[in-house]
Asker: 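Before we start, here is the structure in question, set down as structure tokens.
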Amino acid sequence: ALTMYALGQVYSKLEKPHQAASCYLKVLNRQLKMKDIDRTSWIQNAANLALYYIAEYELPQAEHCLNAADLFMPREPSDADKDLCCTLDLIWAKYYHRLMKLNRDVAVE
């Protein structure tokens with residue numbers, strides 16, 4: 001996972017965000033197979049990746065990342081999880097805003 005993460009950073013430096021996002025998605029998938037995973041960090045990384053996909057109008061990928069992040073959130077978040085929960089809610093709002101904008105643009109055509 002570390003090699004793929006490093007490759008993602010290289011792609012980021014080379015201004016190849018699509019390739020970087022692909023590497024980061026692979027890292028997240030590999031981390032899921034690990035027994036000891038930092039839940040908060042994983043959720044934050046999935047949410048950040050969703051933001052990239054939202055900006056690129058790759059909404060199915062963004063939705064996938066957000067749904068996965070939601071699955072890791074506890075049903076009743078602790079006070080420590082409240083900020084993370086709010087962050088996810090804001091990113092979901094950006095997702096739905098982009099989806100509505102896309103649908104409006106299609107309807108106008």
Side-chain angles (χ1 to χ4, degrees):
L2 288 176
T3 303
M4 192 57 65
Y5 178 77
L7 185 58
Q9 288 186 319
V10 169
Y11 280 130
S12 292
K13 291 286 184 189
L14 293 174
E15 297 182 10
K16 295 184 176 187
H18 191 72
Q19 290 92 333
S22 177
C23 290
Y24 296 142
L25 184 59
K26 288 176 185 174
V27 169
L28 290 174
N29 285 328
R30 288 180 184 176
Q31 286 176 339
L32 288 175
K33 297 175 185 174
M34 298 170 61
K35 292 182 181 182
D36 187 27
I37 184 171
D38 180 356
R39 180 184 59 82
T40 301
S41 176
W42 195 94
I43 292 169
Q44 289 170 335
N45 291 333
N48 286 332
L49 192 54
L51 283 172
Y52 165 76
Y53 287 131
I54 290 167
E56 295 296 312
Y57 285 90
E58 295 184 31
L59 299 183
Q61 293 87 336
E63 183 179 16
H64 176 78
C65 291
L66 288 170
N67 281 325
D70 277 346
L71 286 174
F72 271 96
M73 286 299 295
R75 291 192 189 272
E76 295 185 26
S78 66
D79 287 340
D81 290 327
K82 296 245 185 218
D83 284 345
L84 187 55
C85 188
C86 289
T87 298
L88 279 178
D89 288 345
L90 286 171
I91 296 172
W92 271 113
K94 289 179 182 187
Y95 166 82
Y96 284 116
H97 178 261
R98 183 62 58 121
L99 182 62
M100 288 175 23
K101 185 177 179 184
L102 185 63
N103 286 335
R104 183 199 67 205
D105 293 347
V106 169
V108 170
E109 291 176 1

Asker: Are Leu88 and Gln44 close enough, and set up right, to give a side chain to side chain contact (heavy atoms under 4.5 Å, CB included), and what steps lead you there?
Answerer: CA-CA 8 Å; Leu88 279 178; Gln44 289 170 335; over 6 Å; no

Asker: Is the number of heavy atoms from other residues, nucleotides or ligands within 6.0 Å of OH (Tyr52) greater than 12?
Answerer: yes

Asker: Are Leu84 and Ile37 linked, directly or through intermediate hydrophobic residues, by side-chain heavy-atom contacts shorter than 4.5 Å (ILVMFWY only)?
Answerer: yes

Asker: Do the side chain of Tyr24 and the main chain of Gln9 share a donor and acceptor less than 3.5 angstrom apart?
Answerer: yes

Asker: Once rounded to the nearest 0.5 Å, what's the spacing between atom CG of Leu90 and atom SG of Cys86?
Answerer: 7.0 Å

Asker: Please assess Leu51 against Tyr95 for the test side chain to side chain contact (heavy atoms under 4.5 Å, CB included), listing each intermediate value before the final yes or no.
Answerer: CA-CA 8 Å; Leu51 283 172; Tyr95 166 82; over 6 Å; no

Asker: Between Asp89 and Lys94, does any side-chain N to carboxylate O distance fall below 4.0 Å?
Answerer: no

Asker: Determine, step by step, whether Cys65 and Asn45 satisfy the side chain to side chain contact (heavy atoms under 4.5 Å, CB included) criterion, reporting the C-alpha distance in whole Å, the side-chain angles of both residues, the deciding distance to 0.1 Å, and the verdict.
Answerer: CA-CA 9 Å; Cys65 291; Asn45 291 333; over 6 Å; no

Asker: Which distance, rounded to the nearest 0.5 Å, do you find between the OH of Tyr5 and the SG of Cys23?
Answerer: 11.5 Å

Asker: For a quick test of reading the model, state the closest non-hydrogen atom pair linking Pro74 to Arg39 and the distance between them.
Answerer: CD-NH1, 3.4 Å

Asker: Taking the side chain as every heavy atom from C-beta outward, state whether Tyr53 and Leu59 have any pair of such atoms under 4.5 Å apart.
Answerer: no

Asker: Is there a path of hydrophobic side-chain contacts, each under 4.5 Å between heavy atoms of I/L/V/M/F/W/Y residues, joining Val10 to Leu25?
Answerer: no

Asker: If I take atom OG from residue Ser22 and atom CG from residue Leu49, how far apart are they, to the nearest 0.5 angstrom?
Answerer: 9.5 Å

Asker: If you measure from NE2 on His97 to CD1 on Ile91, what distance do you get to the nearest 0.5 Å?
Answerer: 15.5 Å

Asker: So how far is it from Asn48 CG to Ile43 CD1, rounded to the nearest 0.5 Å?
Answerer: 12.0 Å

Asker: Given 3.5 Å as the limit, does a donor-acceptor pair link the side chain of Trp42 with the main chain of Leu28, or not?
Answerer: yes

Asker: Decide yes or no on side chain to side chain contact (heavy atoms under 4.5 Å, CB included) for Gln61 and Glu56, but give the supporting numbers first.
Answerer: CA-CA 10 Å; Gln61 293 87 336; Glu56 295 296 312; over 6 Å; no

Asker: Kindly compute the distance separating CD (Gln31) from CG (Asn29), expressed to the nearest 0.5 Å.
Answerer: 9.5 Å

Asker: Over 60° means perpendicular and under 30° means parallel, so tell me whether Tyr96 and Trp92 are parallel, tilted or perpendicular.
Answerer: parallel

